[in-house]
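Encoded as structure tokens, the structure appears first; notes follow it.
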Amino acid sequence: MPVADEIQSSWADEVEIDQGALPPPSEVVENGLKIVTEYKYDNDNKKVKIVRTYKIEKRVVSKSIAKRKMWNKFGDSAGDKPGPNPATTNVCEDVYMQFITSKEEAQRPDEGDLEALKARPTKVLFKCRTCQGEHWTSSCPFQHTQVAQAKASEAAKAAEAKASTTNKYVAPNMREGATRSTTGREPPGARRDDLAAIRISNLSNFAVEADLDDLVKGFGPVHKLYLAKEKSTGQCKGFAYVHFKFRADAAKAIQTLNGYGYDHLILNVEWSKPPQSN
């Protein structure tokens with residue numbers, strides 16, 4: 001029968017003898033494993049020994065991740081050792097994503113990019129209104145010739161015949177007997193407000209419609225204002241158009257404002273030149 005003195009005491013008895021103080025945590029590294037031993041009290045106020053075993057692996061990461069691992073810790077974790085502290089850091093498992101394609105997509109045989117493009121049906125995205133060709137109407141080579149007029153008359157007759165059978169609305173310029181423009185522009189003299197329109201250039205980038213109205217409202221009634229702006233920033237492009245009601249007021253504004261200093265710039269005011277048709 002063994003003697004009582006030969007019985008070894010457990011770690012719990014040793015902790016009890018040491019006036020209830022918990023031993024400090026310890027770390028042991030051997031055979032590529034790091035064993036961390038800690039002591040704490042559980043919910044029943046009993047002393048518990050916790051042993052964690054970590055497998056040491058060497059991984060190659062990007063420079064940004066390696067640099068972030070070298071940052072100094074701060075706050076309550078300023079005195080912690082390198083690596084995550086279980087008391088303040090919760091390390092979760094890695095989550096891997098698997099992208100699953102549809103069954104039809106997986107069973108489809110692989111084809112080259114060129115073969116796939118050849119198999120697709122070609123569809124015209126735009127068509128000329130003058131000659132019905134595969135180009136833009138503005139770049140049509142027949143827009144100023146008799147071919148364009150013949151094409152326009154044929155299209156108008158076809159639209160009118162179709163409208164008579166389907167009782168659909170036909171635009172006035174497409175009806176029989178109406179004057180049609182083959183270039184898509186209005187004939188000379190159609191825009192009567194251009195006769196009293198002026199162009200103001202060399203404006204500040206920070207100019208707004210209110211500034212332009214204050215600049216020209218003293219010369220007479222204004223029909224409309226247009227301040228050119230950038231689409232991305234909304235700032236003034238440096239020029240504007242003012243349409244007066246009377247041509248005499250527009251002439252007086254040109255005589256007064258041309259060479260006038262406004263917002264640290266010298267204004268250039270002249271008659272507006274409407275685009276002329278070829």
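Bear in mind that the values here come from a model prediction, so they are computed numbers and not experimental data.
The shortest heavy-atom contact between Glu209 and Leu227 is N-CD2, 3.8 Å. Nearest heavy-atom pair across Leu212 and Ala240 is CD2-CB, 3.6 Å. The minimum heavy-atom distance between Lys40 and Ile50, with the atom names listed, is CE-CD1, 3.1 Å. Taking every heavy atom of both residues into account, Cys236 and Ser204 meet most closely at CB-O, 3.5 Å. Across Trp271 and Ala197, no two heavy atoms sit closer than the pair CE3-O, 3.5 Å. The shortest heavy-atom contact between Leu225 and Val216 is CD2-CG2, 4.1 Å.
By the criterion of side-chain heavy atoms lying less than 4.5 angstrom apart, applied directly or through intervening Ile, Leu, Val, Met, Phe, Trp or Tyr residues, Val222 is grouped together with Tyr260 in one hydrophobic cluster. Residue Phe219 is grouped with residue Leu267 when hydrophobic side chains (ILVMFWY) are merged at heavy-atom distances under 4.5 angstrom, including chains of intermediate members.
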Under 3.5 Å, side-chain donor or acceptor atoms of residues 60-68 against the rest of the protein: list the pairs with distances, not counting sequence neighbours.
from  : atom 1 : to    : atom 2 : distance (Å)
Ser62 : OG     : Ser64 : OG     : 3.2

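Ile56 places none of its side-chain heavy atoms less than 4.5 Å from the side chain of Leu33. Two residues are said to be in side-chain contact when any heavy atoms from C-beta on lie closer than 4.5 Å; Lys229 and Gln235 fail this criterion.
Evaluation of the side chain to side chain donor-acceptor pair (under 3.5 Å) rule for Tyr226 yields no partner, not counting sequence neighbours.
To the nearest 0.5 Å, atom CD1 of residue Ile198 and atom CD1 of residue Ile254 are 5.5 Å apart. Atom CG of residue Asn43 and atom OH of residue Tyr41 lie 14.0 Å apart, to the nearest 0.5 angstrom. Taking NE2 of His243 as the reference point, atom OG of Ser272 lies at 6.0 Å (rounded to 0.5 Å). In this structure, the separation between OG1 on Thr53 and NZ on Lys55 is 12.5 Å, given to the nearest 0.5 Å. The line from CG of Asp211 to CG of Asp213 is 9.5 Å long, rounded to the nearest 0.5 Å.
Under the 3.5 Å distance criterion, the side-chain polar atoms of Asp249 are left unmatched by any main-chain donor or acceptor of Phe244. Within the 3.5 Å criterion, the main-chain N or O of Asn268 finds a donor-acceptor partner in the side chain of Ser201. At least one donor-acceptor pair closer than 3.5 Å links the side chain of Asp42 to the backbone N or O of Asp44. Without hydrogens or angle criteria, Ser77 side chain to Lys73 main chain gives no donor-acceptor distance under 3.5 Å.
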Apply side chain to side chain contact (heavy atoms under 4.5 Å, CB included) to Ile200 and Tyr241, showing your working.
CA-CA 6 Å; Ile200 303 176; Tyr241 293 93; over 6 Å; no
Worked check of side chain to side chain contact (heavy atoms under 4.5 Å, CB included) between Tyr54 and Val36:
CA-CA 8 Å; Tyr54 300 93; Val36 180; 3.7 Å; yes
Given side chain to side chain contact (heavy atoms under 4.5 Å, CB included), test Leu203 with Phe239 step by step and report yes or no.
CA-CA 6 Å; Leu203 289 170; Phe239 66 93; 5.7 Å; no
Please lay out, stage by stage, how Lys47 and Leu22 fare under the test side chain to side chain contact (heavy atoms under 4.5 Å, CB included).
CA-CA 8 Å; Lys47 295 175 183 178; Leu22 295 176; 4.0 Å; yes
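Between Glu27 and Arg52 there is no salt bridge, since none of the side-chain N atoms of the basic residue sits less than 4.0 Å from a carboxylate O of the acidic one.
Heavy-atom contacts from other residues, nucleotides or ligands closer than 6.0 Å to CD of Gln255 number 12 or fewer. Within 6.0 Å of atom CG in Asn31, 12 or fewer heavy atoms from other residues, nucleotides or ligands are found, so the atom counts as exposed in its surroundings.
Because its NZ or CZ atom is not both nearer than 6.0 Å to the ring centre of Tyr39 and within 45° of the ring axis, Lys49 does not count as a cation-pi partner of that residue.
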